Visitor: 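Before we start, here is the structure in question, set down as structure tokens.
Just so you know, these numbers come straight off a predicted model, no measurement behind them. Numbering starts at 1 and runs along the sequence shown.
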Amino acid sequence: MADQQAGCYTSSMHSLDFRSVENALAGCRWGHTLFTYDSIGSTMDRARELAQKGAREGTLVIAAEQTEGRGRLNRAWISPAGSLYLSILLYPDAEKLPYLTVLAGLAVAEAIEEVTSIHTDLKWPNDVLIRGKKVAGILVESGVSKTRNYTVIGMGINVNIQTGSCLEIAGIATSLSDHIGRPVDPLALLRALIDRLEFLYSSFDQNAILKLWKSRLITLGRRVKATSGTSVFEGAAIDVNSDGALIIRRDDGTECAVVAGDVTLG
């Protein structure tokens, strides 16, 4: 998750070429339309282009490196080689749309644990953490094609990078290989992730998803500073509501719901 820098990459011995990815996803409902890249500007931008051309739901764009990756609020997303970056094109109904960030974060956390047995936490609204350090992030963008509304879910996971050698993220980010001391198979992780996404999306249960997501949120019970646009809210993060908004109790006892924004933990 940052500009490419020498020394960040750990060879994983597992290729993300088209045939290898296709084989890894055999039997999945999604990925029937597949684009793989050793390096790309942004998987999100490519997926949006495909949406404008009427690509099918479940179209996947996957890369081992991004040169123009971006995160929330159009910030640069550090995307060195050795990680897994993917965007998936969906056409969700109105019921699912507000919960796609929740669903994706939960799927990433569960996939990581399935493949590596590493416990993961979630930080509101869209970061996946290991022992307080960011290992993955989620970006959800919606748009309108010529015929219908679409949504692209982007996910970036630090798989086999040496985060301590990446100056811009050293100390605040981590990778899966950093924790288990050896390379992780990105294809196994990809398969587990798509399996979880497909299941949570197709068997959508708002209450069940929110319960699982909430159980992983390390934000709750902490003092936080939330920035949403030009507004800043400080206080105790006490809950999330049925839409996933963060409920903050200010020092004066009043409560507010933050729908979107950045949160710093106290």
Side-chain angles (χ1 to χ4, degrees), residues 21-22 24-36 43-44 46-63 71-72 84-115 120-128 135-145 147-157 186-217 240-245 259-260:
V21 173
E22 184 181 50
L25 295 178
C28 291
R29 184 165 58 89
W30 291 344
H32 39 66
T33 304
L34 177 66
F35 298 84
T36 66
T43 63
M44 293 292 289
R46 182 67 177 120
R48 291 174 71 95
E49 292 172 3
L50 294 166
Q52 293 298 330
K53 296 178 180 179
R56 296 169 59 187
E57 180 165 78
T59 292
L60 279 172
V61 182
I62 300 171
R72 296 175 60 251
L84 178 64
Y85 310 99
L86 66 147
S87 293
I88 183 165
L89 173 63
L90 299 173
Y91 298 99
D93 56 35
E95 178 191 23
K96 295 177 181 177
L97 188 58
Y99 302 98
L100 293 181
T101 298
V102 171
L103 185 152
L106 186 58
V108 170
E110 292 179 348
I112 288 173
E113 292 186 358
E114 177 183 331
V115 173
T120 56
D121 297 305
L122 297 172
K123 174 177 171 284
W124 190 94
N126 65 341
D127 291 342
V128 183
V135 72
I138 314 295
L139 178 63
V140 177
E141 295 181 344
S142 296
V144 182
S145 67
T147 57
R148 52 183 167 169
N149 298 329
Y150 68 85
T151 296
V152 176
I153 301 177
M155 291 156 281
I157 306 173
L187 295 176
L189 180 62
L190 173 64
R191 176 56 188 255
L193 175 56
I194 297 303
D195 281 343
R196 292 307 301 159
L197 281 169
E198 284 186 358
F199 174 77
L200 293 171
Y201 186 81
S202 62
S203 62
F204 181 75
D205 183 328
Q206 171 188 330
N207 292 330
I209 288 173
L210 281 173
K211 182 177 180 180
L212 289 170
W213 179 67
K214 182 178 176 179
S215 71
R216 291 178 180 269
L217 281 179
V240 288
N241 66 18
S242 60
D243 294 324
V259 176

Visitor: Taking Trp30 for its side chain and Leu89 for its backbone only, find out whether a donor-acceptor pair lies under 3.5 Å.
Guide: no

Visitor: Got Leu193 and Ile157 here, is their nearest side-chain heavy-atom distance under 4.5 Å?
Guide: yes

Visitor: Within a strict 4.5 Å, meaning less than it, do heavy atoms of the Leu60 and Leu25 side chains meet?
Guide: yes

Visitor: Give the minimum heavy-atom separation between Arg196 and Ala107, together with the two atoms involved.
Guide: CB-CB, 3.9 Å

Visitor: How long is the straight-line distance from CZ of Arg48 back to OG of Ser142, given to the nearest 0.5 Å?
Guide: 8.5 Å

Visitor: Applying side chain to side chain contact (heavy atoms under 4.5 Å, CB included) to Glu110 and Leu212, what does each step give before you reach the verdict?
Guide: CA-CA 10 Å; Glu110 292 179 348; Leu212 289 170; 4.2 Å; yes

Visitor: Drop me the distance from Thr43's OG1 to Leu50's CG, to the nearest 0.5 angstrom.
Guide: 11.0 Å

Visitor: If you take all heavy atoms of Arg191 and Gly27, which pair is closest and at what distance?
Guide: NH2-C, 4.5 Å

Visitor: Do the charged groups of Arg29 and Glu198 touch, with an N to O distance under 4.0 Å?
Guide: no

Visitor: Enter the distance from Ser215:OG to Leu106:CG here, rounded to the nearest 0.5 Å.
Guide: 7.5 Å

Visitor: With the side chain counted from C-beta on, respond yes when Thr151 and Lys96 share a heavy-atom pair under 4.5 Å apart, and no when they do not.
Guide: no

Visitor: How long is the straight-line distance from CZ of Arg46 back to CD1 of Ile62, given to the nearest 0.5 Å?
Guide: 13.5 Å

Visitor: Salt bridge check, Arg148 against Glu57: does any charged N sit closer than 4.0 Å to a carboxylate O?
Guide: no

Visitor: Closest heavy-atom contact between His32 and Thr59?
Guide: CE1-N, 4.5 Å

Visitor: So Val152 and Val61, side chain to side chain contact (heavy atoms under 4.5 Å, CB included) or not? Walk me through it.
Guide: CA-CA 10 Å; Val152 176; Val61 182; over 6 Å; no

Visitor: Taking the side chain as everything from C-beta on, heavy atoms only, tell me whether Val240 gets closer than 4.5 Å to Trp124.
Guide: yes

Visitor: Run Tyr99 and Phe204 through side chain to side chain contact (heavy atoms under 4.5 Å, CB included) and show every step you take.
Guide: CA-CA 10 Å; Tyr99 302 98; Phe204 181 75; 3.6 Å; yes

Visitor: Taking the side chain as C-beta and beyond, is there a heavy-atom pair between Pro92 and Tyr201 under 4.5 Å?
Guide: yes

Visitor: How close do Leu217 and Lys123 get, heavy atom to heavy atom, and via which atoms?
Guide: CD2-C, 4.2 Å

Visitor: In Å, rounded to the nearest 0.5 Å, how long is the span from CG of Asp243 to CG of Leu210?
Guide: 8.5 Å

Visitor: On a heavy-atom basis, which atom in Leu84 and which in Pro186 lie closest, and how many Å separate them?
Guide: CD2-O, 4.1 Å

Visitor: Quick check for you: to the nearest 0.5 Å, what is the distance between Asn149 atom CG and Leu90 atom CG?
Guide: 13.0 Å

Visitor: Can you give me the closest heavy-atom contact between Cys28 and Asp195, atom names plus distance?
Guide: SG-OD1, 3.7 Å

Visitor: Applying the side-chain contact (heavy atoms from CB on, under 4.5 Å) criterion to Met155, which one of Leu139, Ile88, Val140 satisfies it?
Guide: Ile88

Visitor: Would you call the rings of Tyr150 and Tyr91 parallel, tilted or perpendicular if under 30° counts as parallel and over 60° as perpendicular?
Guide: perpendicular

